[in-house]
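First up is the structure itself, then whatever we jot down about it.
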Amino acid sequence: MWNKNPNPIIIMKLTTLITGAALALGTTAAAQVFSSEPPTHEFNYVNDRFADIEVLRYKVPGFEDLTLNQKQLVYYLTEAAIWGRDILWDQNCKYNLPIRYMLEDVYENYKGDRTLDPQYKAFETYLKQLWFANGIHHHYSTDKFVPAFSREFLQAELAKLPADARWRPMEAELLEVIFNPAVYAKRVNQAEGQDLILTSANNMYEGVTQKEVEDFYANKKNPDDATPISYGLNARVTKDKDGKVVEQVYRLGGYYSDAIAHIIENLEKAMQFAENETQRATIAKLVEYYRTGDLKTFDDYSISWVEDTASQVDFINGFIESYGDPLGMTGSWESIVNFKNIPASHRTEVLSSEAQWFENNSPVDPRFRKEAVKGVSAKVITAAILAGDAYPATPIGINLPNANWIRAAHGSKSVTIENITQAYDEASHGNGFNEEFVIDKPTCELLDKYLFITDNLHTDLHECLGHGSGRLLPGVDPDALKAHGSTLEEARADLFALYYLGDPKMVEMGLLDNPDAYKAEYYKYILNGLMTQLMRIEPGKDVEEAHMRNRKLIAEWVYEKGHADNVVELVKRDGKTYVKINDYRKLRELFGQLLGEVQRIKSEGDYEAGAALVEAYGVKVDPAVHKEVLDRYAHLDIAPYRGFVNPTYRQVRNGNGEVVDVEIEYNEDYIPQMLRYGKHYNGLK
Ligand code: ZN
């Protein structure tokens, strides 16, 4: 599963559009815990901006410190990653690759004025959108892009190109797909009541109906199988010449064979540099799976992968997430190569090791505490390459494998990709958000300095301790809170995190170096909950998503309960509303009180009280505040979607041709990278 905020505007778990720079800590203990590099504003995080997209660059801190073996391992894994790119393009729609070939030819041969001709400029924007979406459909909405240039413009440019261009035989068809809005309109259609296969433009099915696909897999499945394979994960479904429904399996010698051959070649090279036997065996299993297409082998690989916790370098490579299939079976090809950020992972290990202390001191009725609590140790990683469905738009966290029985029997790996969140954070710096919504300069400075760290720590506390804390009273149904269960569960984890973020224990443990640092997260949390998250809601609508309801519930509740003491104030200035926090210690006490109540509701299964809490504070939007937030946000011109260009890796050889180092460079821009990948890694010629 991807931890990717369901809303495109906000990429991190909260409104991290209000983001500060990562902070340069002094030589305190915290400096060892936070490996985040000090802000280096010379590094140009923003690389391109077009349509609704901002393309960023990310750093790979720590790459230079890896051993030569590890660097070689990363090098070949990144090659294996980029070689899968065209598989994804073809999975997304069967016309994507020929359209890309055609448009890239036009791009490279264009002789007019690239800065003046509005038709050309619209064409370039369209091509950039295609590159970003890995095809002709928007990566998030999955709607087909509407070109803002004319068919005549494109035809005139095509006429200038060689008669034997590889897309030439399909030219008329491709023009129709680009310009006729009715054909292949949506990549993944989820609309109730329609045939989801026939109405989706992806290429995971061909010439079959939804009913035929469902029957096909229903016949294969055995309901008594406790360890089922992931049916359909690596196959295109179509009909053979006799009209029988069949799978075309993605494997060497099967569908996508040419690209898979390149992936295998690089995985086999990577294997020579594996850090240990477990990792070598894991890569070998993956190669075997690519050779055979056997999903049982894929499960063996997944188990081996999840059990390899010793290696620093790690990777995902394959048909993994099924968001691109309206039936949720076929995996879209993706790869992320990464290595463990050891100092940052230490942070979650420290928290987990003190899990019992946190439980014993939590502000809830002792009857609702766990006697023996175990923290979850999530790993913090540094991405070295993003590829396939994780490129250019990428998740910030991943939890795999997806097979439920493997998760239950062998566990899962949960990771946060901190160099990506840091790039988002740095790039948001100076986008005007803080200046617009934060009450004053000192508060802006507080956020600049401490928000990145406290936001990460909030996530750690929420994930490693919050969800795992507390217990149900005997006999209480875990589903007693029904539809409000997930909102209240998120509230419980958030409140646990907020309460402890302001605890002196954070400084004692060396996780923060300033007893006031927590105020940055508190301010942002309240601002987000009371106001800024509303920019994600359409006018007239209620708040529906569980995480958003939870944040609104918490912010509105403490605002109301602290009213008599003026803990949180809404200040009007020049017709604009600002959040002002007058008493952070009291605010922390209120978080503790609400945690006590939400834990009681959960432990006792008190549905009535839970529903009342959610409905009173978490759902209804004040239309005046909502309108104000939307208006103010609209003036900021912040791109709703963001993604990344990759760094490049280069093997350095000595006079004998031996590799003596792998160098990382950050000098390739968006367009050159897309053109290079398209040419060099054209795996499905
Ligand atoms: Zn959660």
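Both counts, for ligands and for their atoms, begin at 1 and track the order of listing. Counting begins at 1 with the first residue of the sequence.
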Say whether Asn399 and Ser412, considering side chains only, have a donor N or O and an acceptor N or O under 3.5 Å apart. yes
Any side-chain donor near an acceptor of the partner, His139 and Asn134, under 3.5 Å: no
Can an N, O or S atom be found in Glu490 less than 2.8 Å away from the Zn ion (ligand 1)? yes
The Zn ion (ligand 1) contact by His462, N, O or S atom under 2.8 Å: yes
Taking side chain to side chain donor-acceptor pair (under 3.5 Å) as the test, write out the residues that go with Arg492, two or more places apart. Ser469, Glu489, Gln599
Residues in salt bridge (Lys or Arg N to Asp or Glu O under 4.0 Å) with Lys482, at least two apart? none
By atom name, which N, O or S atom of His467 is the nearest to the Zn ion (ligand 1)? NE2
